[in-house]
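We use all heavy atoms of the structure for the numbers below, so side chains are in, but hydrogens, waters and symmetry mates are not. All figures in this text were calculated on a predicted structure; none of them were measured in a lab.
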There are 2 protein chains.
Amino acid sequence: MRATKNSKKRDAVKAFIMETHSHPTADEIYSHVKCEFPNVSLGTVYRNLARLEETGEIKKLSFTTGPDHYDGDTSDHYHYICRSCGRIYDMPAEVKDVIMKAAKAGAPGTVESHDLVFYGVCRDCLKSTGNNA
Amino acid sequence: MRATKNSKKRDAVKAFIMETHSHPTADEIYSHVKCEFPNVSLGTVYRNLARLEETGEIKKLSFTTGPDHYDGDTSDHYHYICRSCGRIYDMPAEVKDVIMKAAKAGAPGTVESHDLVFYGVCRDCLKSTGNNA
DNA sequence: ACAATAATAGTAATGATTATTGTTTTTAAA
DNA sequence: TTTAAAAACAATAATCATTACTATTATTGT
């Protein structure tokens, strides 16, 4: 494996992902790291995110629309996206076994993994708007 | 609603999606329609795909990577992507109720829908390569 | 201190898609 | 069967997120 040298910017990227629960995008991470390192470049953020994902320290969340998000919580869980505010919430993974079992019965080959994302309107938005738009 | 005029190119786009089971991309549809209409433009394909999706005649399939695909089968089903050949297969939707029920119990708001995609290696690829890469 | 090389900033390139603009069809009615 | 309004169109530019490139800077072991 490729040698690794210390990097204060990579540390800053990782520290932010670990401390937040906001599932930030590369751009949001970039903005945050820029406070501490005003000359950091977006490419550096992307490169370090890719690296941290390779080593399993973080997880990349890709959805069907919009930019990728990053998660410092690498434990097994799904996500829920509020279609009003766009916030990403964690969801328990308890149906995972049922899904995988059913999938294996109906699949045209091996089933190695699956992506599952839920959509709805979160309680915060339901409360503040009083409707479902 | 906006008026609709006949369009041979839209007909050709729709006919191809309806007759194939390959879940083609916009570009693949473009290539196909180009045989019959050599001067068709990619923009026309995209515009007509968007239109056909709006009217519910076809479905757009967005995945976490790669271009969107289009499906003439609008019935309720999931998809399976072979990570070796990239082909997209249909999967039964029988676990849908279980997933929605479990989701509603653990969600931070209403649950309106979910996206679920399976990944593995299809039997065709398992057979022809003899391994799982 | 000094090379070897990883990490970086800045910028260019990419791929899929959407937007724009001026021209061509389609359509219904004169 | 012209005509005029609007849809559909081809060609092209613009967009967004991301990756690739290149020359410079920082980190590390000796």
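- For the pair A:Lys9 NZ and D:dT24 C1', the computed distance is 12 Å after rounding to whole Å.
- The closest side-chain heavy-atom distance from A:Asp115 to A:Phe63 is not below 4.5 Å.
- Contact check for A:Glu53 versus A:Tyr70: no side-chain heavy atoms found under the 4.5 Å cut-off.
- Taking atom CG of B:Leu49 as the reference point, atom P of D:dC9 lies 12 Å away to the nearest angstrom.
- Counting only N and O atoms by type, the side chains of A:Arg10 and A:Thr4 include no donor and acceptor under 3.5 Å apart.
- Counting only heavy atoms from C-beta on, B:Ser7 has its side chain closest to D:dC9 among D:dC9, C:dT18, D:dA7.
- Taking a pair as Watson-Crick or G-U with both hydrogen-bonding distances under 3.5 Å, the stems of three or more pairs touching DNA chain D are C:1-30 with D:1-30.
- In summary, the side chains of A:His23 and A:Asp73 do not present any donor paired with an acceptor at a separation below 3.5 Å, with no hydrogens or angles considered.
- Using a 4.5 Å cut-off on side-chain heavy atoms (C-beta onward), B:Asp71 and B:Asp90 make contact.
- Here the side chains of A:Tyr78 and A:Val95 are in contact, with some heavy-atom distance below 4.5 Å.
- Note on ring orientation: taking the six-membered ring where Trp is involved, the planes of B:His114 and A:Phe118 are tilted (angle from 30° to 60°).
- In terms of polar N and O atoms assigned as donor or acceptor, the side chain of A:Lys5 comes within less than 3.5 Å of the base of C:dT5 in a complementary pairing.
- As a whole-Å value, the separation of B:Arg47 CZ from C:dT20 C1' is 12 Å.
- Straight-line distance from the CG atom of A:Leu42 to the P atom of D:dA20: 14 Å, rounded to whole Å.
- Nucleotide D:dT25 holds its C1' atom 13 Å from the NZ atom of A:Lys8, rounded to whole Å.
- Residue contacts shown for A:Asp27 are absent, as no nucleic acid heavy atom lies under 4.0 Å away.
- Separating the CG atom of B:Asp68 from the C1' atom of C:dT18 is a distance of 12 Å, rounded to the nearest angstrom.
- Set against D:dA10, D:dC9, D:dT18, the side chain of A:Ala26 has D:dT18 as its closest nucleotide.
- The side chain of B:Arg51 contributes an N or O atom lying less than 4.0 Å from OP1 or OP2 of D:dA8.
- A:Tyr46 places its OH atom 13 Å from the P atom of D:dA20, with the value rounded to the nearest Å.
- Relative to the side chain of B:Asn6, the nucleotides C:dT26, C:dA9, D:dA10 differ in distance, and C:dT26 lies closest.
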